[in-house]
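Comments concern the structure below.
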Amino acid sequence: MSDFREQALHYHSHPVPGKISVELTKPAETVQDLALAYSPGVAEPVREIAADPANAYKYTGKGNMVAVITNGTAILGLGNLGPLASKPVMEGKALLFKRFAGLDSIDIEVKHNTTEDFINTVANIADTFGGINLEDIKAPECFEIEKALIERCSIPVFHDDQHGTAIVTAAGMINALEVQGKEIEDAIIVCLGAGAAAVACMELLIKCGALREHIYMLDRKGVIHTRRDDLNEYKQLFANNTDKRTLQDVIADADVFVGVSGPNLLSPDDLKLMADRPVVFACSNPDPEISPVLAHGARDDLIMATGRSDYPNQVNNVLCFPFIFRGALDVRASKINDEMKIAAVDAIRSIAKEPVPAEVLKAAGVETLEFGAQYIIPKPMDPRLLPRIAKAVAQAAIDSGVAQIDMPENYME
Ligand SMILES: NC(=O)C1=CN([C@@H]2O[C@H](COP(=O)(O)OP(=O)(O)OC[C@H]3O[C@@H](n4cnc5c(N)ncnc54)[C@H](OP(=O)(O)O)[C@@H]3O)[C@@H](O)[C@H]2O)C=CC1
Ligand SMILES: CC(=O)C(=O)O
Ligand SMILES: [Mg+2]
């Protein structure tokens, strides 16, 4: 067993199996405690909630609880390995919710036959939670699932691989292009992958100024173009009227590569074909489309990011989902809309341009970090992410009319 593999397995199995547990928030020691916590005392909040469902936020953990729900059909870049195998990733997301945003989170892995079954299962348990983070559900089913659940649930439903990834990608991309002296409106963009992350990343980049006709998206069959007759409705939105057919055709002179596909699909020779000062986000986890070592060996004028913690520039939805849910839940937003997503993009971008606190440098194991090619986006352990993103998102929810309560007094100050 390799050292790292052994460490990872040991981490997950010791001192107890798994990464999360439940803790109590109230005393439960005496007869009096139990009389309040359980019978007869528990009947009082039951009656209050039956009379007004909003009281669930007052008397239960609902308002601070996010469900991480999957069917295991697109586990990271490992593919469709089924619900149970996805559990370590989902517990990982729950760990991140708690560590970075103080949100309680529970993982739910759903076995199902049809997409409708999955939607019904989630819709039927939704009221238990303050929000639902859908995770690692493959395209195209993920689009229908998210849409149906947003319609059916009164709490925020957010497919992290779509929107969390898109928010972080957009923040990192705008900053990287700025460092490279390029405008997003002019950028020729290659997106390898045409699934959940790819479609959402490209749609958000377009909202941030990229031109749809400058985007070349590829799936396993190559470039998505207007003469293909095998495209689902989501891929069709990116069908480019072009004669280019292969990755090599489209990467020549491209300014940007976004990989949300699988491991080792971009070669150093492909990279050499790109325009001067390119931006390369190889975001597949755990193994990127090209390793930073190979990429930097191929050329020295690129900005490189991956989804991993062990290289500079981690473009990973962990920079978004804990904080966007914190802000959404704290003003009881009924949904997470585009205004809230753009507010999160702007908040993430701006933090990267400010001096980095000493504790972040220490946690990152580096002497300095300064906005530039090696630091386009904040580190996940940056304590400014929580107050800045959550507050910006909460404010955007209020301004766009989806918040159900006011901003809490002195929020995040
Ligand atoms: N860094 C981050 O924060 C995140 C990274 N990701 C990564 O993005 C990847 C995709 O995730 P997600 O969108 O959820 O998964 P999906 O299953 O929804 O989409 C996968 C897409 O990748 C394409 N693909 C797979 N292999 C190849 C290949 N050899 N050549 C071209 N295209 C290929 C598929 O093509 P086809 O349509 O033909 O099947 C599909 O369009 C994963 O590696 C994941 O780890 C995802 C979310 C967040
Ligand atoms: C980071 C993440 O959500 C993924 O790779 O699927
Ligand atoms: Mg994921």
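Note: hydrogens, waters and symmetry copies are ignored here, and every other heavy atom, side chains too, is used. One-based numbering, in listed order, for ligands and for the atoms of each.
- Formation of a donor-acceptor pair under 3.5 Å by the Gln180 side chain with backbone atoms of Asp301 is found in this model.
- The backbone N or O of Ile75 lies less than 3.5 Å from no partner atom in the side chain of Ser86, so there is not a single donor-acceptor pair.
- Contacts between Asp161 and ligand 2, counted as non-hydrogen atom pairs separated by less than 4.0 Å, involve the side chain only.
- At least one donor-acceptor pair closer than 3.5 Å links the side chain of Asp161 to the backbone N or O of Asp136.
- The contact shell of ligand 1, taken as protein residues with any non-hydrogen atom closer than 4.0 angstrom, comprises Ala74, Leu76, Gly77, Lys138, Ala139, Asp161, Thr165, Leu192, Gly193, Ala194, Gly195, Ala196, Ala197, Asp219, Arg220, Lys235, Val260, Ser261, Leu265, Cys283, Ser284, Asn285, Gly307, Val315, Asn316, Asn317.
- Shown are the protein N/O/S atoms under 2.8 Å from the Mg ion (ligand 3), given by residue and atom: Glu135 OE2, Asp136 OD1, Asp161 OD1.
- Residue Asn317 touches ligand 2 through its side chain alone, judged by heavy-atom distances below 4.0 Å.
- Below 3.5 Å of separation, one finds no N or O of Asn316 facing any N or O of ligand 2.
- Residue contacts with ligand 2, taken as heavy atom pairs separated by less than 4.0 Å, involve Asp136 solely via side-chain atoms from C-beta onward.
- Aromatic ring centres of Phe158 and Phe321: separated by at least 6.0 Å.
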(message) Under the criterion side chain to side chain contact (heavy atoms under 4.5 Å, CB included), I'd like the reasoning laid out for Asn64 against Leu329: C-alpha separation, chi angles, the key distance, then a yes or no.
(response) CA-CA 7 Å; Asn64 199 50; Leu329 264 57; 5.5 Å; no
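- A distance-only check finds a donor-acceptor pair linking the side chain of Asn313 to the backbone of Met304 [under 3.5 Å].
- Of the possible polar contacts, one joining the Arg228 side chain to the Val223 backbone as a donor-acceptor pair under 3.5 Å is found.
- Listed by atom number, the atoms of ligand 2 under 4.0 Å from Lys93 heavy atoms are 1 (C), 2 (C), 3 (O).
- Side-chain atoms of Gln236 come within 3.5 Å of backbone N or O of Leu231 as a donor-acceptor pair.
- Proximity of a side-chain donor or acceptor of Asp249 to a complementary backbone N or O of Thr246 within less than 3.5 Å is detected.
- The aromatic rings of Phe325 and Phe97 lie perpendicular to each other, with more than 60° between the two planes, well past the 30° mark.
- With a 4.0 Å cut-off on non-hydrogen atoms, Ile75 does not touch ligand 2 at all.
- Close contacts of ligand 2 with Glu135, meaning ligand atoms under 4.0 Å from a residue heavy atom, involve 3 (O).
- By the 4.5 Å heavy-atom criterion applied to side chains, Leu103 and Arg326 are counted as neighbours.
- The environment of CD in Glu213 is crowded: more than 12 heavy-atom neighbours from other residues, nucleotides or ligands sit within 6.0 Å.
- A side-chain donor-acceptor contact under 3.5 Å links Glu289 to the backbone of Ser284.
- Ligand-side atoms of ligand 2 in range of Asn285: 1 (C), 4 (C), 5 (O), range being under 4.0 angstrom from any heavy atom.
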